[in-house]
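Heavy atoms only: backbone and side chains are in, while hydrogens, waters and symmetry mates are out. Start at 1 and go down the list; that is how both ligands and their atoms are numbered.
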Amino acid sequence: MLGLMQSQNLSIASLIDFAEKHHADTEIISRRVEGDIHRSDWATIAKRSRQVANAIDGWKVAQGERIATLAWNGYRHLEIYFGVSGSGRVLHTLNPRLHPEQIAWIVNHAEDHVLCFDMTFLPIVQNIHVHCPTVKHWVALCDADKLPADTGIPNLVSYESWIQSQPPTYAWPDLDENTASCMCYTSGTTGNPKAALYSHRSTLLHAYACALPDVMCLSARDSVLPVVPMFHVNAWGIPYSAAMVGCKLVFPGAALDGKSVYELLESEQVTLAAGVPTVWQMLLGHLKAGNLRFNHLKRTVIGGSACPPAMIQAFNDDYNVEVLHAWGMTELSPLGTLCTLKNKHLALPQDEQMKIRLKQGRAIYGIDFKIVDDQGVEQPHDGKAYGDLLVKGPWVVREYYKQEGGSPLVDGWFPTGDVATVDPEGFMQITDRSKDVIKSGGEWISSIDVENIAMAHPEVAMAACIGMAHPKWDERPIVVVVKRPDTALAREDLLKFYEGKIAKWQIPDDVVFVDAIPLGATGKMLKTRLREQLADYKLPA
Ligand code: AMP
């Protein structure tokens, strides 16, 4: 027997309609790349997102086509979020921190039809546009009079002139809730970047979960500042959850330094902020130097890489701000776990509470996880046994876009590449990473790319790239090299060889010359052994 309730597709368009209807005058604030502060509200965002949808229709972009953005967090990006997905196209957020060649590769793989970019990224677009034949239209996110006359980019329009004459009404299509809504490439896997392709259903369920009290606890009384970029897994889903609860949004644009973020936190009375540890380090440094305090901030979500204990302590003890340590992945939309205490923990002494807060947290309803050993045998939740962390749930990928890399699932579970323990209370703690990639300041560096470039140098016989712990960036890559016989390769020469081949911040911090790199039985480099050998190694200051 079927239930007798109304059946309605979960849709991203319904979020913006709801925000417009019930939270029309709730503000959306953006620091623009021009430097000024722009003030909008949910009603205006809704109206302009419908203008975006009409403008896309005007270009006869078919349903399911990809529309890419190369943009900071701001109101125009938010309008594109709703206009693109709401009208049945797929929003593809690009990471501007990648090397232009990597960006062009991703644009081609996704076969993007339109690409919208902030003016900060004009040089990238000027560099890649000739290599991106699928892109038929380029949109600069600016006023018509801010668009330089001769950019060399054909079919380029300013965003404002593109949407200004479009009607503010639009009949959102009634899409099957499993329709693709947005995509995000991750370099956190071996081989080429792969795309997670989200659906309206997965995005909506994730948005509900995100707002729950033991997750971000979002409400119409909050003012929320996502420092986490809208190009990185949709700013952890905050734009969607924000529309769902009708909270105020504050976008920092390109200014992520401590002073700029602090100014916005105070002037816009921000109650919740979210970002990777590196950003908070800059903010805390600014507060300390100026002997400042927070007058409004209550909670901060920190994730993307492990949050250092000193940071949790500083927010908690010095500034009375609760840290919500979160773990997730692009493949998980991205939230998997979040660390909030249970009632029984509140009576514990501070140092006992701190031990819990350091963990990546408890599963959010919707996400199921388990830890397994090499043979796939499930490990106990005793806080000691560790194993590969596997997850499943309605906002976890089933496969990558274009089935890249084949099915990633193991008996229906997605292997995260993280190694973890789980305590009897269900708190998960990441202890290691089994995947062969390095995370620096919340962004991935492919060890394979770093090794391939070194191997292309005529004086290198073998190269291994490994991550080393770093106080600011969490991890930094170094490359361990065996020279070809009778060559005199110098450290500086090899580092110079990287220039222009990968993004600057992906270039290794150091070259370590060794006589041999340990190999396993199948000839694979044994990086665990290599790390042990370099246990006393110190990164250059
Ligand atoms: P991404 O897909 O770029 O969001 O990266 C996901 C990966 O970042 C995870 O698989 C972890 O390796 C790492 N990560 C994310 N959050 C945390 C955290 N709180 N602690 C440790 N590692 C994390």
NZ/NE/NH1/NH2 to OD/OE distance under 4.0 Å, [X] and [Y]:
X: Arg357; Y: Glu352; value: no
X: Asp214; Y: Lys342; value: no
X: Lys355; Y: Glu425; value: no
X: Lys402; Y: Glu111; value: yes

Name the residue from His109, Glu404, Lys194 that meets the side chain to side chain donor-acceptor pair (under 3.5 Å) definition with Tyr185.
His109
ring-ring contact (aromatic ring centres under 6.0 Å, His included): pairs with one or both residues in residues 376-416, sequence neighbours excluded
His206-Trp395
Pick, from Tyr185, Trp444, Trp327, Trp236, the option with the minimum heavy-atom distance to atom 3 (O) of ligand 1.
Trp444
Nearest heavy atom to atom 6 (C) of ligand 1, choosing from Ala196, Gly188, Ala326, Gly328, belongs to Gly328
Less than 4.0 Å is my threshold; does some heavy atom of Ser305 fall inside it relative to ligand 1?
yes
Suppose we measure from [atom] to each protein heavy atom; which comes out shortest, and what is that distance?
atom: atom 5 (O) of ligand 1; result: Lys439 NZ, 2.9 Å
atom: atom 2 (O) of ligand 1; result: Thr330 OG1, 2.6 Å
atom: atom 4 (O) of ligand 1; result: His232 NE2, 3.2 Å
atom: atom 12 (O) of ligand 1; result: Asp418 OD1, 2.6 Å
atom: atom 20 (N) of ligand 1; result: Gln360 NE2, 2.9 Å
atom: atom 14 (N) of ligand 1; result: Gly304 O, 3.2 Å

So which heavy atom on Val437 is nearest to which on Thr189, and how close?
CG1-O, 3.9 Å
With Lys392 via salt bridge (charged side-chain N to carboxylate O under 4.0 Å, His left out) - residues at least two apart
none
Going by distance only, is there an N or O of Ala306 that falls short of 3.5 Å from an N or O of ligand 1?
yes
Taking non-hydrogen atoms only, is Glu443 closer than 4.0 angstrom to ligand 1 via side chain, backbone, both or neither?
neither
Proximity to ligand 1 by part of Met329, non-hydrogen separation under 4.0 Å:
both
